[in-house]
Amino acid sequence: MHPDYARIYATIQRIPRGRVATYGQIAELAGLPGRARQIGYALHALPGGSPVPWQRVLNARGEISLPGASGARQRALLVAEGVEFGDDGRIDLSAYQWRPRPARRR
DNA sequence: GCCAGGGCGCTAA
DNA sequence: ATTAGCGCCCTGG
């Protein structure tokens with residue numbers, strides 16, 4: 001497995017329940033700026049039953065990027081943890097986006 | 001090897 | 001608010 005994947009997964013696992021992050025945000029936090037697309041790949045490669053909360057990752061517009069049944073599954077998981085969807089099928093990022101504590105300085 | 005298409009995103013118009 | 005163009009990297013044909 002690609003070493004970057006481990007960092008991607010580790011970052012995603014920091015997203016608290018009931019909050020969401022965007023692909024670009026994860027890429028950035030994982031030290032892979034500009035490679036949002038790779039996040040999607042990493043998640044796609046994720047085996048079922050892993051501890052990684054893949055459902056908490058959305059695109060920059062606050063919507064689910066998966067088509068069909070997969071998307072419905074993701075949505076159900078999010079709703080189950082308290083995330084609300086608007087009529088247009090989007091999530092209000094200003095309300096639900098995860099804002100990790102900035103890196104420590106010294 | 002080249003080409004096209006993806007769980008994406010930013011900027012410019 | 002939308003669209004077009006480009007950058008990124010991975011996979012499949």
Side-chain angles (χ1 to χ4, degrees):
Chain A
M1 132 172 211
H2 203 76
D4 289 341
Y5 280 25
R7 244 172 315 132
I8 291 171
Y9 297 148
T11 302
I12 294 175
Q13 288 188 67
R14 294 173 51 207
I15 306 173
R17 187 177 171 291
R19 315 231 78 200
V20 298
T22 67
Y23 293 100
Q25 183 186 359
I26 295 301
E28 186 103 355
L29 291 171
L32 304 169
R35 302 182 200 179
R37 198 148 216 165
Q38 213 179 345
I39 307 304
Y41 261 97
L43 292 181
H44 190 88
L46 207 54
S50 79
V52 181
W54 59 272
Q55 72 275 20
R56 296 176 193 153
V57 187
L58 325 174
N59 65 30
R61 300 185 317 189
E63 48 189 19
I64 287 175
S65 288
L66 284 98
S70 308
R73 205 142 51 231
Q74 177 172 14
R75 177 172 175 143
L77 287 168
L78 289 174
V79 169
E81 46 185 75
V83 177
E84 294 180 49
F85 285 77
D87 296 352
D88 54 2
R90 296 171 52 192
I91 287 172
D92 180 6
L93 288 180
S94 67
Y96 290 100
Q97 182 166 31
W98 172 49
R99 292 182 182 75
R101 188 161 77 30
R104 290 237 112 266
R105 277 180 304 89
R106 65 176 41 270

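Letters go in sequence order (proteins before strands), and every chain restarts at 1. Computed from heavy atoms alone, side chains included, the values below leave out hydrogens, waters and symmetry copies. Not measured: the values here are computed from a predicted model.
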Between atom [atom1] in [X] and atom [atom2] in [N], what is the gap in whole Å?
X: A:Arg61; N: C:dT2; atom1: CZ; atom2: P; answer: 8 Å
X: A:Leu32; N: C:dC9; atom1: CG; atom2: P; answer: 10 Å
X: A:Ile8; N: C:dC10; atom1: CD1; atom2: P; answer: 10 Å
X: A:Leu43; N: C:dC9; atom1: CG; atom2: C1'; answer: 15 Å
X: A:Tyr41; N: B:dG9; atom1: OH; atom2: P; answer: 15 Å
X: A:His44; N: C:dG12; atom1: NE2; atom2: C1'; answer: 12 Å
X: A:Gln55; N: B:dG7; atom1: CD; atom2: C1'; answer: 13 Å
X: A:Tyr23; N: C:dC10; atom1: OH; atom2: P; answer: 17 Å

Quick check for you: among B:dG9, C:dT11, B:dC8, whose closest atom lies nearest to any side-chain atom of A:Ala60?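 Comparing B:dG9, C:dT11, B:dC8 against the side chain of A:Ala60, the answer is B:dG9.
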Ignoring the backbone of A:Arg35, work out which of B:dG7, C:dC8, B:dG9 is nearest its side chain.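 Minimum distance to the A:Arg35 side chain belongs to C:dC8.
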Run the side chain to side chain contact (heavy atoms under 4.5 Å, CB included) test on A:Leu93 and A:Thr22 for me, step by step, so that the C-alpha distance in whole Å, both residues' side-chain angles and the decisive distance to 0.1 Å come before the verdict. CA-CA 9 Å; A:Leu93 288 180; A:Thr22 67; 4.1 Å; yes
OP1 or OP2 of C:dC10 under 4.0 Å from side-chain N/O of A:Gln38: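 Answer yes for this pair, as a side-chain N or O of A:Gln38 is under 4.0 Å from OP1 or OP2.
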Please determine whether a side-chain nitrogen or oxygen atom of A:Arg37 lies at a distance below 4.0 Å from atom OP1 or OP2 of C:dC9.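 Result: no.
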I'd like to know if the side chain of A:Gln74 and the backbone of A:Gln55 have a donor-acceptor N/O pair within less than 3.5 Å.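 A pair under 3.5 Å: yes.
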With heavy atoms under 4.0 Å as the rule, sort A:Thr22 into base, sugar-phosphate or nothing.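 Counting heavy atoms under 4.0 Å across all strands, the contact made by A:Thr22 is with sugar-phosphate only.
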Could you tell me which non-hydrogen atom of A:Tyr9 sits nearest to which non-hydrogen atom of A:Val52, and how far apart they are?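 The answer is CB-CG2, 3.9 Å.
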Between C:dT2 and B:dG7 - P atom distance, rounded Å: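 Approximately 23 Å lies between the P atom of B:dG7 and that of C:dT2.
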Taking Watson-Crick and G-U wobble contacts under 3.5 angstrom, with | marking pairs to another strand and [ ] crossing pairs, the secondary structure of DNA chain B is written .|||||.||||||
